Amino acid sequence: DGGITQSPKYLFRKEGQNVTLSCEQNLNHDAMYWYRQDPGQGLRLIYYSQIVNDFQKGDIAEGYSVSREKKESFPLTVTSAQKNPTAFYLCASRSIDRGNRNEQFFGPGTRLTVL
Amino acid sequence: EDKVVQSPLSLVVHEGDTVTLNCSYEVTNFRSLLWYKQEKKAPTFLFMLTSSGIEKKSGRLSSILDKKELSSILNITATQTGDSAIYLCAGNNAGNMLTFGGGTRLMVKP
C-alpha cells in the first residue's frame, strides 16, 4: 500500500534527552513536512523539504532538527533545547508534479510526551 | 504573517442536523483553500477551493470559497455520528505553504 508511516506511535522522553521521530513515504513525493499540533490548536509548521539534501525552517523550528538524505525519509529530531516538546507530531508529503495543487497527505502521527 | 481563523471552536449537534463551519483567511499571494477532516490521527483531505463561488460537493459535505470576503464555509447536511471530528482549514500561498486554522471540533450525538 502507498502511504506515509510514522514511528513510533507514542514516545516518552525524559527531560534533557534528544529523540528522533521517523517519517517514511512510498508515494514518490518530493516535498515533505513536519507539523506540531497542540490541544485545541491547528498545525504549525516545524520544517519542510522540497528536495533531497535540502530543507527549510518553518514557523517554529527552534529546538528541532531534520535531515533529508533520501527522498522517502524525513526524520525529525526533538532536541533538549525544545522547551515544551510534549505535542502530537504530524508528517506530511506532497507531489510537486501536481503543480498548484497543494494537497498534502498526512501520516498517522507520533504523540510525544516529556516526563 | 499569514493567518487563518476558524469558527466556532467547537460544536455539538444531533444526528440529522445541518452544520456550517467557517474559515477566514489572510494569506499573502493566496492560491487556494483546503479543508481536512481529522479524527483520531491523520488529517484526511476533503476539498481544495481555488475559485470563488464554485461549490465543491462530496456526498453530504459541500464547501464554497468567497475571495471577496476572504472566507470559506464547509456545510455538512444530515449529520451522522461518524462526522464527529476536528475540521481543519488551511490557506495555501504562492510558495505552496499551508497555514492552518485552529480547527472546529464537531461532535454529533445520536
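Here is how names work: the chains are called A, B, and so on, in the same order as the sequence lines, proteins then strands, and each is numbered from 1. Owing to the predicted nature of the structure, the values given are computational and were not obtained by experimental measurement.
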query: Mind checking whether A:R44 and B:T99 have side chains closer than 4.5 Å, heavy atoms only?
result: no
- request: Output the distance between atom CG (B:L46) and atom CD (A:E103), rounded to the nearest 0.5 Å.
  value: 10.5 Å
- request: Give the C-alpha distance, both sets of side-chain angles, the deciding distance and a yes or no for side-chain contact (heavy atoms from CB on, under 4.5 Å) between B:L34 and A:Q104.
  value: CA-CA 10 Å; B:L34 287 81; A:Q104 293 182 15; over 6 Å; no
message: Does any backbone or side-chain atom of B:Q38 lie under 4.5 Å from a heavy atom of chain A? Answer side chain, backbone, both or neither.
response: side chain
field: Winner by heavy-atom pair count (cut-off under 4.5 Å) against chain A, out of B:E1, B:K40, B:K41
entry: B:K41
message: Membership question, hydrophobic clusters at under 4.5 Å side-chain separation (ILVMFWY): are B:L11 and B:L61 in the same one?
response: yes
message: B:T44 vs A:F105, test: side-chain contact (heavy atoms from CB on, under 4.5 Å). Steps then yes/no.
response: CA-CA 7 Å; B:T44 53; A:F105 294 87; over 6 Å; no
task: Evaluate side-chain contact (heavy atoms from CB on, under 4.5 Å) for B:M97 paired with A:Y33, printing each intermediate quantity in order.
output: CA-CA 10 Å; B:M97 302 307 299; A:Y33 307 80; 4.0 Å; yes
- prompt: When you look at B:F45 and A:F106, which way does the side-chain contact (heavy atoms from CB on, under 4.5 Å) test go after all the steps?
  reply: CA-CA 9 Å; B:F45 174 76; A:F106 285 86; over 6 Å; no
- prompt: By a 4.5 Å heavy-atom criterion (distance strictly below it), what part of A:Q6 contacts chain B: side chain, backbone, both, or neither?
  reply: neither
Contacts table for residues 15-25 of chain B: side-chain donor-acceptor under 3.5 angstrom, sequence neighbours left out:
unit_1, atom_1, unit_2, atom_2, d
B:E15, OE2, B:T81, N, 3.4
B:D17, OD2, B:H14, N, 3.0
B:T20, OG1, B:N75, OD1, 2.5

- prompt: Would you say A:L90 and B:L98 are hydrophobically clustered, going by side-chain heavy atoms of ILVMFWY under 4.5 Å?
  reply: yes
- prompt: Are A:I4 and A:L11 co-members of a hydrophobic cluster defined by side-chain heavy atoms under 4.5 Å apart?
  reply: no
- request: Give a yes or no on whether B:F100 and B:Y87 share a hydrophobic cluster (residues Ile, Leu, Val, Met, Phe, Trp, Tyr; joining criterion: side-chain heavy atoms under 4.5 Å apart).
  value: no
field: Residues of residues 51-89 of chain A with any heavy atom under 4.5 Å of a heavy atom in chain B
entry: A:F88
- prompt: At their closest point, which heavy atom of A:G107 faces which heavy atom of B:A42, and how far apart are they?
  reply: O-CB, 2.9 Å
statement: So CD of A:Q41 and CG of B:L9: to nearest 0.5 Å the spacing works out to 11.0 Å
query: With the 4.5 Å side-chain cut-off for hydrophobic clustering, are A:M32 and A:L43 part of the same group?
result: no
